Amino acid sequence: MALRIPPRIPLRTTINGDPYELMVKPYQTLLEALRDEAGLTGTKEGCGNGNCGSCTVLFNGLPVNSCLVLAPEAQDGHIVTVEGLAKDGRLDPLQKAFSQHGALQCGICTPGFLMAARAILDSNPHPSEKVIRAGIAGNLCRCTGYDKIVRAIMAVARGEVD
Amino acid sequence: MTGRKEPRYVGKRVIKADALEKVTGAALFGADARLPGMLHGKVLRSPHPHARIRAIDCGKALELEGVKAVVTVADLPPFEEAKAAFGGELMIDQVHLRKLTIAHDKALFEGHAIAAVAATSPEVAEAALELIQVDYELLPVVENALDAMKEGAPLLHEDLYTDTLGERPKAPSNIASIIEGGWGDVDKGFAEADVVLEKSYETQMVHQGYIEPQACLASVDADGNVTVWVSTQGTFNAQRQLSALLMIPLHKLNVVPLEIGGGFGGKIYVMLETLAILLARKSGRPVKMVMTRAEVFRGTGPGSPAYIDVKIGAKRDGHLTACYAKMILDAGAFPGSPVAGAFMVGFAPYKMPHFKQEGYDVVTNKPRVQAYRAPGGTAVAFAVESALDQVAEALGIDPLELRRINAVEEGDLMTSGQKYNRIGLKQLLERVAQHPAWTQPSSGPNRGRGLALGAWQGAVLTTTAQVIANTDGTVTVVTGQVDVTGTRTTIQQMTAELLELPLELVKVNVVDTHSAPYTDLSAGSRTTYTMSVALKNGCQDLVAHMKRLAADLLSHPESKVRPEDVNYSNGRFWASRGSEQPSVSWREVAERSRTRGPLVGQGNSGRLPPAPTFAAHVADVEVDQETGKVRLLRYTCFQEVGKAINPQQVEGQMQGGAGQGIGWGLFEYYFYQQGKLLNPTFLDYRMPTALDLPMLDSVLVEVPASEGPFGARGVGEVPIVPPAAALANAIYRAVGVRMSRLPMTPENVYWALQEKGAGVTPRGHAPVSSSRGS
């Protein structure tokens with residue numbers, strides 16, 4: 001007895017500026033494709049149904065829960081994951097701010113928060129605290145109570161981190 | 001080691017040692033481990049909360065292509081009579097852990113593991129689960145502790161007899177144990193009181209809510225050596241449990257810690273690990289297992305629900321005369337609810353002439369609870385601190401003043417009857433009294449401020465670390481102590497401070513069970529406190545070794561320097577007499593270990609007294625009278641921390657604990673109907689988001705602990721203790737209703753308002769899990 005599994009399909013996509021040609025299962029999520037096919041395990045799964053935001057990546061510039069995107073949807077798309085935040089060996093100011101402000105503890109939600117925060121600042125470089133809180137409201141953190149995360153993003157918005 | 005006055009690293013906001021790994025996505029967590037040829041394991045779980053298992057047929061599953069192994073209870077090695085108990089914070093005995101790991105003759109909760117499959121892909125494994133046929137005989141469900149205690153209630157365990165101080169009961173029961181504690185004569189105390197308040201409270205089952213689901217990877221080599229990569233709060237703890245369940249000697253069982261994506265007490269017992277090893281052994285290939293979020297909710301160990309009756313008597317001047325509590329805690333399917341924690345915490349901040357507690361540990365058809373941050377504490381503090389607020393009101397005394405009048409000091413009794421060593425509750429309350437969060441009035445309609453205290457005695461146990469002087473002058477601290485959320489950083493800070501070396505010369509290596517001596521788990525707010533002592537001993541031991549080598553280096557043919565004449569400070573050794581050479585550096589001495597043998601300081605925390613901690617939280621809320629929604633306006637956490645090794649991390653603990661406590665108070669509960677969980681997602685199990693919380697102001701008060709090189713106390717648990725009570729008290733001041741049941745959702749607050757206002761009979765209180773009237 002064998003399970004009928006549909007054949008894999010090719011997925012051409014750009015991840016963190018690099019071209020990828022992956023063979024994905026047609027029902028695979030972008031999250032699974034990133035982690036299991038591209039080997040980029042920085043993006044985390046916390047719930048698998050879009051409630052916790054741990055798997056947030058930028059898809060054509062917008063933050064998405066990669067567990068809710070089918071991998072084939074990313075055909076010819078541009079994906080940025082936490083591994084792509086630092087450029088040319090320079091950390092993104094958000095990465096520095098999260099470190100300096102103690103905005104991470106266990107760190108499992110951190111990649112998702114960094115990507116959500118990046119999306120906030122990309123669309124609004126000087127957000128208010130309320131805008132920041134709304135922008136990360138789809139990301140759950142259980143360690144910090146959000147205080148230091150909000151402060152870290154505010155510090156970047158105020159240009160306090162280079 | 002001269003005991004420098006001005007610390008260089010301790011007390012500083014040093015950036016986390018693991019920050020860079022975590023902000024770049026490089027850190028490897030439980031689900032990130034993989035091996036060539038690895039299989040994917042999945043668990044078949046009982047859909048029924050209580051059912052006898054008549055038969056399990058795995059035949060069809062084994063026929064599915066790609067299925068490499070199926071295991072059931074029959075694959076566990078036969079049980080050895082010797083009974084060991086495992087714990088950490090909540091104990092579980094070996095028989096129960098075995099039955100919890102995989103159902104034996106009965107499924108005892110929805111989500112109880114029945115069988116496990118390893119296959120070449122997750123899809124095949126999942127399909128195989130559907131092919132396993134289980135013949136269940138459904139049994140009546142015991143939904144909550146009050147029902148469980150009733151005469152004639154269906155029994156979960158036919159062999160469970162209530163453990164009491166009295167004689168062994170004749171019939172089995174769902175009450176696993178009854179414990180009592182206290183002193184004096186409470187009846188006398190209540191007779192002496194001017195005001196006596198008596199009230200009942202109820203809290204729900206909640207989940208720790210760690211964002212990382214349980215995950216592990218197991219591999220068994222041809223000689224039967226087992227390696228398991230896990231996300232756990234204690235590798236040696238996991239190793240002991242696995243060894244006992246699987247009859248594997250410790251030297252053939254290596255537990256490798258990966259980054260732990262949150263635990264809060266919920267990653268102490270082995271769950272998937274046992275099944276993964278069985279599958280790996282049976283299939284001959286590595287097996288990886290990762291839980292789904294629904295499995296985490298249904299199949300791991302949540303926090304215990306509680307029914308608590310409180311009675312408090314006080315004199316007109318505010319002095320307490322007697323305190324009594326009856327606590328019924330729901331352990332889930334196997335004994336071991338946090339009754340002891342609840343006993344320890346509830347009345348811990350207060351002087352009581354007469355005091356009595358009764359505790360019931362009760363089993364029900366729910367997942368077996370695990371520890372959840374200050375286990376037992378939040379529920380009992382909700383009850384006691386809410387009741388005290390009413391006592392203050394009845395007496396016309398300010399709620400803070402009432403607590404100051406009765407606050408314990410050094411030499412007073414802990415709830416265990418032992419005496420407190422140095423504590424700082426008075427100083428903490430003094431700080432609250434002067435702080436704007438308390439002195440500035442809370443104004444506006446439907447707004448109110450609540451205060452509540454929390455206590456945590458602090459676990460101790462054993463902590464070890466080895467401090468190694470490398471030949472290039474750097475230092476490696478090797479320990480099996482898992483870094484739950486920051487101890488690599490504090491170990492680095494404390495070691496650099498103790499050795500008077502630059503911080504960047506110290507690296508902390510958290511290693512597997514085959515690479516370090518035994519150390520206990522990271523839990524109970526014990527790690528930093530006990531580690532500070534282990535490091536002090538380890539650093540002293542290392543420096544003593546190095547002084548012996550330094551003595552040789554400082555000696556010359558005519559005059560030999562004795563080790564006891566060698567001094568050390570700030571990276572240099574020198575002789576107080578007998579040497580013309582002024583000094584030798586740390587690095588010069590360390591370099592000698594290439595020819596003179598290892599330079600290793602053995603650090604052990606030894607037997608330490610507890611270092612008790614206290615917290616006071618002040619919450620300002622606004623309540624929407626129409627909807628019952630509670631909005632947090634301001635929240636301030638005051639905490640007596642001994643000495644903050646890293647204030648930023650201490651604040652993080654306080655804020656995180658407060659955030660969890662607020663969720664427990666306002667939103668979170670397991671919604672069960674007939675033993676089936678209806679909300680096993682983060683959408684329906686509502687944890688606080690960034691929009692629900694204000695900034696969480698944290699005020700650190702430092703009164704050094706009696707023991708330890710820096711006076712540090714454990715800080716992680718206590719901040720989850722006060723929030724629910726602080727919010728309940730704030731809601732009362734805002735709209736005049738006393739909430740006696742958690743969570744204080746809009747619905748529950750709405751009905752409480754209706755009840756107060758119009759005499760409306762409340763319908764459909766959510767959650768309705770108890771048979772007790774409101």
Side-chain angles (χ1 to χ4, degrees), chain A residues 1-3 5 25 27 35-36 40-52 54 81-83 85-86 91-92 94-96 98-112 114 129-130 132-151, chain B residues 13 15-16 18-29 31-32 60 63-66 121 123-124 127 131 208-213 259-264 290 292-293 484-486 648-649 651-660 662 681-683 687-691 693 695-696 698:
Chain A
M1 188 168 44
L3 187 66
I5 293 178
K25 302 169 190 172
Y27 51 84
R35 290 178 54 84
D36 300 337
L40 296 168
T41 54
T43 305
K44 305 300 181 192
E45 176 168 339
C47 70
N49 46 17
N51 298 331
C52 78
S54 298
T81 71
V82 69
E83 289 95 339
L85 266 186
L91 292 179
D92 187 289
L94 283 165
Q95 291 173 306
K96 286 188 195 167
F98 270 55
S99 303
Q100 289 163 5
H101 287 260
L104 64 145
Q105 289 184 33
C106 82
I108 192 83
C109 71
T110 307
L114 286 167
E129 181 188 332
K130 202 166 181 188
I132 291 171
R133 286 187 181 273
I136 58 171
N139 294 71
L140 293 175
C141 170
R142 197 60 159 171
C143 295
T144 65
Y146 306 102
D147 183 295
K148 293 185 188 303
I149 294 176
V150 174
R151 287 179 200 277
Chain B
R13 294 171 176 262
I15 289 178
K16 271 167 74 78
D18 46 331
L20 190 59
E21 288 273 289
K22 287 178 175 171
V23 297
T24 56
L28 294 179
F29 290 82
D32 299 331
K60 282 196 176 133
E63 284 169 21
L64 187 66
E65 282 177 23
S121 76
E123 296 89 322
V124 173
L131 297 173
Q208 297 86 355
Y210 36 81
I211 306 295
E212 180 203 37
E259 292 294 338
I260 170 168
F264 314 110
V290 183
T292 65
R293 179 54 56 181
V484 174
T485 180
Q648 186 179 67
Q649 292 197 170
E651 289 164 6
Q653 288 296 315
M654 291 162 66
Q655 293 163 341
Q660 288 183 314
I662 292 166
T681 68
F682 278 145
L683 193 64
M687 306 205 304
T689 71
L691 281 175
L693 301 178
M695 289 298 186
L696 301 167
S698 27

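A, B, ... follow the sequence lines: proteins, then strands. Residue 1 opens every chain. Everything numeric here is computed off the predicted structure, so don't read it as measured data.
- Every side chain to side chain donor-acceptor pair (under 3.5 Å) that B:E212 has, sequence neighbours left out, goes to B:S231, B:K267.
- For chain B, no part of A:I132 is nearby; none of its heavy atoms comes within less than 4.5 Å.
- Only the side chain of A:I5 comes within less than 4.5 Å of a heavy atom of chain B; its backbone N, CA, C and O stay farther away.
- Between the side chain of B:Q660 and the main chain of B:Q208, a donor-acceptor pair closer than 3.5 Å is present.
- Of the two parts of B:T24, the backbone and the side chain both hold a non-hydrogen atom closer than 4.5 Å to a non-hydrogen atom of chain A.
- In this structure, chain B has no heavy atom under 4.5 Å from any part of A:K96.
- Contact count versus chain A (heavy atoms, under 4.5 Å) is highest, among B:E63, B:K16, B:E123, for B:E123.
- For A:D92, the salt bridge (charged side-chain N to carboxylate O under 4.0 Å, His left out) partners two or more places apart in sequence, or in a different chain, are A:R118.
- In terms of heavy-atom pairs under 4.5 Å with chain B, the best-connected choice from A:R151, A:K130, A:E83 is A:R151.
- For A:A137, the parts lying near chain B are the backbone and the side chain together; criterion is any non-hydrogen pair under 4.5 Å.
- When heavy atoms are compared at a cutoff of 4.5 Å, B:I260 approaches chain A solely by way of its backbone atoms N, CA, C and O.
- Looking at B:E651, the atoms closer than 4.5 Å to chain A (heavy atoms on both sides) sit in the backbone and in the side chain alike.
- Atom NZ in A:K148 sits 13.0 Å away from atom CD in A:Q100 (nearest 0.5 Å).
- We find that A:R35 and A:E45 are not joined by a salt bridge, their nearest charged nitrogen and carboxylate oxygen being 4.0 Å or further apart.
- Within the 3.5 Å criterion, the main-chain N or O of A:C106 finds a donor-acceptor partner in the side chain of B:K22.
- Across B:G659, B:G656, B:A658, B:S698, the residue that shares the most heavy-atom pairs under 4.5 angstrom with chain A is B:G656.
- Both the backbone and the side chain of B:A31 come within contact range of chain A, each with at least one heavy atom under 4.5 Å from a heavy atom of that chain.
- Although no hydrogens or angles enter the test, the distance criterion places no donor-acceptor pair under 3.5 Å between the side chain of A:E129 and the main chain of A:V150.
- The contact between A:S54 and chain B is made entirely by side chain atoms (from C-beta outward), counting heavy-atom distances below 4.5 Å.
- For B:I662, no part lies under 4.5 angstrom from a heavy atom of chain A.
- Not one N or O on the side chain of B:Q655 forms a donor-acceptor pair closer than 3.5 Å with the backbone of A:D147.
- A:N139 CG to A:L114 CG: the interatomic distance, rounded to the nearest 0.5 Å, is 10.0 Å.
- Taking chain B as the reference chain and counting heavy-atom pairs below 4.5 Å, the highest number among A:P111, A:A103, A:C47 is found for A:C47.
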